[in-house]
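Both backbone and side-chain heavy atoms feed into the values below; hydrogens, waters and symmetry mates do not. So that the names make sense, note that chain A is the first sequence line, chain B the second, and so on, each numbered from 1.
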Amino acid sequence: MELIVTEKNNAARRIADILSEGGATTSTTAGVNVYEWGGRRCIGLSGHVVGMDFPPEYSDWRDVEPAELVHADVVKEPTQEDIVNALQRLAREADNVVIATDYDREGELIGKEAYELVREVNDEVPVQRVRFSSITENEVRSAFADPDDIDFDLAAAGEARQIIDLVWGAALTRFLSLSARQMGEDFISVGRVQSPTLKLIVDKEREIEAFEPDDYWELFADLEKNSTEFEAQYFYEDEDGNEAERVWNEDDAEAAFETLREAGEAVVQSVSRRTRSDDPPAPFNTTQFIRAAGSLGYSAGRAMSIAEDLYTAGYITYPRTDNTVYPDDLDERELLGEFANTVFGDDAESLLDQDSLSPTEGDEETTDHPPIHPTPDFPDRNKLSEDEWEVYELVVRRFFATVAENAVWEHLRVVADADGESLKANGKRLVKAGYHEVYPYFNTSENFVPDVDEGDELALSDARLEAKQTQPPRRYGQSRLIETMESMGIGTKSTRHNTLEKLYDRGYIEGDPPRPTTLAKAVVEAAEEYADLVVSEQMTSELEADMTAIADGGKTLAEVTEESREMLDRVFDELTDSRNEIGEHLRDSLKADKTLGPCPDCGDTLLVRRSRTGSYFVGCDGYPECRFTLPLPSTGEPLVLEETCDEHDLHEVKMLAGRDTFVHGCPLCAAEEADESEDRVIGACPDCGDEEGGELAIKQLQTGSRLVGCTRYPDCEYSLPLPRRGDIEVTDEYCDEHDLPELVVRDEGEDEPWELGCPICNYEEYQQRQRQRGLEALNGIGPATAEKLEAAGVETVGDMASADAEALAEEVSGVSEENVREWQAQAD
DNA sequence: GCAAGGTC
């Protein structure tokens, strides 16, 4: 029996399909899919199934000096036990093993890890290696016809990276965390990729903070020919002989303005026309896909998660790729043909009608995977969420664009003279739309300038002088950060977006575009001073050079890692002396990130704190002398914003809760608002109204949340939830069943008020919906939909114990699929 | 409990 090992289940299934000509059967071994046909079995790993770590005696942070980690052993342990078990079970019975992991460095290492697991249980079996750059009939067949050996040097290069990353990352992370006494979940992390990325963000912030704006002026006027008006801008020649529009001196600007205002007309000095070809974009690699999705409003992580779903469902190719050149065996014409009978049919036909079909190419041609493009498998639109469809359409249209013709612009430049001052107008017109016809994501707005001739006298009206200021540099957006990381060579196609998420999670950045916290600045400062290499992209470039040397046989893994450890030794020589100083600086910064402002009782400082039960609240730094506190909302992690409240001089607080994130505002304002707001009685309490005379009232709590609750609270705890935002109106309409008024919520910025109705009915419907949604999740509705449900604030079955989920399913069984679809439509 | 890299 021959055993084929791939990097992921999807690849295993497709390779089995090709080699078996569709005849493979699927079974599971130790819960892992195995594809089997004519004497062959194929199993997919899940990337690395073993992980590198220190032996257990190093695991207590307090017992081990961080510097000891530098020369500690590292060991590899299984991290995916079920897959390791399945692999070894099959390997025992194998008489030949073929490693078919991805064709890149990490794939070689994953292959070598599989090889070692095979060897543990079978020291005889031959192990071969096949390499192919896309899972297509031709490539796979020819690779298997001519197998090769594992490249152990290349795998060792990857292993050196693992060791160096672990040793540097863990030792420095522990050092900073211990020195700041930040253990547990709020440790202070550093690493070869995350820290240079963080420095990028911090450096930009430093530029912004150091920025001093300059005043300048710009002048415009309207020109007119044959009663068509167009705008022209004043310009002059600066000291270097360059054309300039900004006037840096107010007197000069006023003088030019005076001339333009008095001129009344301008004489055309020159007219120049040129046409410019606007070539279609290159095929999508991961970074460019993230960028394009970003311009549609998707965060990097969200874009990748949607792409992942579309890939797993079989609609697009593998979304993690550096490649921007379609492989030879992609038949673009055939793929276009697959869209003929879809909503993209007209566009596909028009592309097929072109004289030639030559796809664009980017600069990167790699062996890992093809660029991201749609597969011939066209999705049923109803099965995708709106977001998924939008992203899918982007991928389809990008593919279309890469085989479309170029666009052509015509530029018209007119220069005119108004009493010795120069005016210019630049017009542009799209004369051939080309790829823009099928790829509507780029700006194609035109700027109209009429046909004029040299010597024409144009009427000049409405001269304008605009006072402006230079602007600070812009922060990096997520996609620009990822592009910059790529150009610096840090991170990989699969990890860059995760690195950004890590920086958010660690409390280093907040907002979008991301801004560094005080802690982030302190960590970067500390690293710059004592371990410069770890915040520098140079660490990666040196590592890359070393890895190339290992792969070529010029250096050994032992040499490279030993060299790196010696460097880290020297870093620790310096660090250890400054431990207290560093710790103090980090602690101050952490405190600054939690500081709200002056305590209204004692004038000391209000901080965000955590109670023993884990909930957050606002407390005074002067505790226990000052016992002032304010509550915070119970959902999410609090984040102190830059914005402050005018009344109390306190920073506003934002609650981070994934997609339910909201701004709580100034906690003192929220508390005062709650104290001032009168409870509005709307009816009798259904629990205790008859016996005790309890009444239901609309209440506002100090945490900012609102509810309908019993006036006898805390004796009676009956309550119904209300939305956090919007004005709640009590109408004259009454619910027959519960004898309560219908409520309406009016939210600023929303055109339509939300007719919430009777609060009891509303809550019952809400609970019902929650159950139905649970059922949908149970019915195998995709992760994207589940995520959406979570966004709607609904706990999904994914979070429930399986017994609970089954009980829930039983409770609502007898529901037709149609009903489910209807509910889903409502939820959307 | 530390990193970065796979994959889900």
Taking everything shown except A:R41 itself, do over 12 heavy atoms lie less than 6.0 Å from its CZ?
-> yes
With sequence neighbours excluded, what pairs up with A:R14 under the salt bridge (charged side-chain N to carboxylate O under 4.0 Å, His left out) test?
-> none
Contacts of A:D546 meeting side-chain hydrogen bond (donor to acceptor under 3.5 Å, both in side chains) (sequence neighbours excluded), chain-then-number -> A:K555
Taking distance alone, no hydrogens or angles, what donor-acceptor pairs closer than 3.5 Å link side-chain atoms of residues 186-197 of chain A to residues at least two apart or in another chain?
residue, atom, partner, partner atom, Å
A:S189, OG, A:Q194, OE1, 3.1
A:S189, OG, A:Q194, NE2, 3.4
A:S189, OG, A:R506, NH1, 2.8
A:R192, NE, A:D165, OD1, 2.6
A:R192, NE, A:D165, OD2, 3.4
A:R192, NH1, A:T540, OG1, 3.1
A:R192, NH2, A:D165, OD2, 2.8
A:S195, OG, A:G191, N, 3.0
A:S195, OG, A:G191, O, 3.2
A:T197, OG1, A:V193, O, 2.7

5'-most contact on DNA chain B: A:R320 or A:T173, nearest heavy atom basis?
-> A:T173
Which is true for A:R506 with a 4.0 Å heavy-atom rule: it touches a base, it touches only sugar-phosphate, or it touches nothing?
-> sugar-phosphate
Which is true for A:E7 with a 4.0 Å heavy-atom rule: it touches a base, it touches only sugar-phosphate, or it touches nothing?
-> sugar-phosphate
Would you classify A:G51 as touching base, sugar-phosphate or nothing, given that sugar-phosphate means primed atoms plus P, OP1 and OP2, and contacts are heavy atoms under 4.0 Å?
-> nothing
Would you be so kind as to tabulate the donor-acceptor pairs closer than 3.5 Å made by side chains of residues 74-81 of chain A, with sequence neighbours excluded?
residue, atom, partner, partner atom, Å
A:K76, NZ, A:E113, OE2, 2.8
A:K76, NZ, A:E159, OE2, 3.1
A:K76, NZ, A:Q162, OE1, 3.3
A:T79, OG1, A:V49, O, 3.1

Under the side-chain hydrogen bond (donor to acceptor under 3.5 Å, both in side chains) test, which residues partner A:T101, sequence neighbours left out?
-> A:R129
Pick base, sugar-phosphate or nothing for A:S59, based on heavy-atom distances below 4.0 Å to the nucleic acid.
-> base
Strand-adjacent residues in residues 61-78 of chain A, judged by heavy atoms under 4.0 Å from DNA chain B | A:W61
Does anything in residues 180-197 of chain A reach DNA chain B, meaning a heavy atom under 4.0 Å, and if so which residues?
-> A:M183, A:G184, A:F187, A:S189, A:V190, A:G191, A:R192, A:V193, A:Q194
Would you grab the first and last nucleotide of DNA chain B (5' to 3') that comes under 4.0 Å of any non-hydrogen atom in chain A?
-> B:dG1 to B:dC8
So does A:R131 pair up with A:E139, basic N to acidic O under 4.0 Å?
-> no
Show which side-chain atoms of residues 561-572 of chain A pair as donor or acceptor with protein atoms under 3.5 Å away, not counting sequence neighbours.
residue, atom, partner, partner atom, Å
A:T561, OG1, A:L557, O, 2.9
A:T561, OG1, A:A558, O, 3.2
A:S564, OG, A:W168, NE1, 2.9
A:R565, NE, A:V70, O, 2.8
A:D569, OD1, A:H71, NE2, 3.2
A:D569, OD2, A:H71, NE2, 2.6

Any residue of residues 558-581 of chain A with a heavy atom less than 4.0 Å from an atom of DNA chain B = none
Closest nucleotide of DNA chain B for A:E308 versus for A:A171: which of these residues is on the 5' side?
-> A:A171
Ion pair present between A:E308 and A:R320, side-chain N to carboxylate O less than 4.0 angstrom?
-> yes
Non-hydrogen side-chain atoms of A:V34 and A:T28 separated by less than 4.5 Å | no
Could you tell me whether A:D60 contacts a base, only the sugar-phosphate backbone, or nothing, with contacts defined as non-hydrogen atoms closer than 4.0 Å?
-> base
Non-neighbouring partners of A:E529 that pass side-chain hydrogen bond (donor to acceptor under 3.5 Å, both in side chains), sequence neighbours left out | none
Mind checking A:Y318 for me? I need base, sugar-phosphate or nothing, with any heavy atom below 4.0 Å counting as a touch.
-> sugar-phosphate
Do A:N285 and A:K493 pass the side-chain contact (heavy atoms from CB on, under 4.5 Å) test, and can you show the C-alpha distance, the side-chain angles, and the key distance before you say yes or no?
-> CA-CA 8 Å; A:N285 62 7; A:K493 65 215 172 185; over 6 Å; no
Could you list the residues that satisfy ring pair (Phe, Tyr, Trp, His ring centres under 6.0 Å) with A:Y103, not counting sequence neighbours?
-> none
